[in-house]
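Okay, so here's the structure we're looking at.
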Amino acid sequence: MPWQPLSPGLAGERLCSTEEATAGSGTYTRHGFIFSSLAGCLERRSEDSGLPVVSVVRDSESQLLPNVGAVVTCKVCSINSRFAKVHILYVGSTPLKSTFRGTIRREDIRATEKDKVEVYKSFRPSDIVLAKVISLGDAQSNYLLSTAENELGVVVARSEADGAHQLV
């Protein structure tokens, strides 16, 4: 079998041991394991002599765009008293080939007590957030996003004390 597509993966995801396969494009090795260096689909190519080659490739299809109502995964880049600026990384579970800019306004952070929301208490730079697209962007503006639902909000945050990532 020349190649075998496997499930989509995330950048930094551990794929297998270096004893099981050889690292190909879109991967790197560390401490005896092969890791994905980009988000995409895993391919395993069988070589006649020796171990199969594991590669991660991006889809060659056209770029997926966030649409109104879509749940997106994004990373907080900066915050101020009125909004948080984010980069959109995924639409649903599909990784994007390039990031899109998004804005989460103070009034779109939660559904109740909107006037009491303080952006800096809700988000910090480098937080990973699930949000819903509420308005489309264009070349000059950002997508407007909301976290005002129970299933949305910060999903991974960096601890202020030790810098470790914590699942929320």
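Just so you know, residue 1 is the first one in the sequence shown, and it goes up from there.
- In this structure, CD1 on I88 lies 6.5 Å from OH on Y143, to the nearest 0.5 angstrom.
- Scanning for salt bridge (Lys or Arg N to Asp or Glu O under 4.0 Å) contacts around R106 gives an empty result, with sequence neighbours left out.
- With contacts defined as side-chain heavy-atom distances shorter than 4.5 Å, the pair S36/L42 does not qualify.
- Counting side-chain heavy-atom gaps under 4.5 Å among Ile, Leu, Val, Met, Phe, Trp and Tyr, F83 is found in no cluster with other residues.
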Donor-acceptor list for residues 21-32 side chains, cut-off 3.5 Å, not counting sequence neighbours:
| residue | atom | partner | partner atom | Å |
| --- | --- | --- | --- | --- |
| T27 | OG1 | G24 | N | 3.2 |
| T27 | OG1 | G24 | O | 2.6 |

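- In this structure, OG in S46 is found 10.5 Å from CG in L51, a value given to the nearest 0.5 Å.
- Taken together through direct or relayed side-chain contacts under 4.5 Å among Ile, Leu, Val, Met, Phe, Trp and Tyr, I34 and V53 form parts of separate hydrophobic clusters.
- Residues forming a side-chain contact (heavy atoms from CB on, under 4.5 Å) with S17 (at least two apart in sequence, or on another chain): E19, E20, F33.
- Cluster annotation: L89 is not connected to F35 through the hydrophobic network of ILVMFWY side chains, with a link wherever side-chain heavy atoms come within less than 4.5 Å.
- L136 and P66 get closest at one heavy-atom pair: CD2-O, 3.5 Å.
- At a threshold of 4.5 Å between non-hydrogen side-chain atoms, the residues V56 and L15 count as touching.
- Checked against salt bridge (Lys or Arg N to Asp or Glu O under 4.0 Å), E118 has the following partners two or more places apart in sequence or in another chain: K121.
- Residues F123 and A84 come closest through the heavy atom pair CD1-CB, 3.9 Å.
- For C77 against P125, the heavy-atom pair with the smallest separation is O-CB, 3.9 Å.
- The salt bridge (Lys or Arg N to Asp or Glu O under 4.0 Å) check on E107 picks up R105, with sequence neighbours excluded.
- Applying the side chain to side chain donor-acceptor pair (under 3.5 Å) test to pairs two or more places apart or on separate chains, those with a residue in residues 66-88 are K85-T103.
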Output side-chain donor-acceptor pairs under 3.5 Å for residues 144-152, partner residues at least two apart or in another chain, one line each.
| residue | atom | partner | partner atom | Å |
| --- | --- | --- | --- | --- |
| S146 | OG | D108 | O | 3.2 |
| S146 | OG | A148 | N | 3.1 |
| T147 | OG1 | I109 | O | 2.6 |
| E149 | OE2 | K132 | NZ | 3.2 |

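- From S55, atom OG reaches atom CZ of R44 across 10.5 Å, with rounding to the nearest 0.5 Å.
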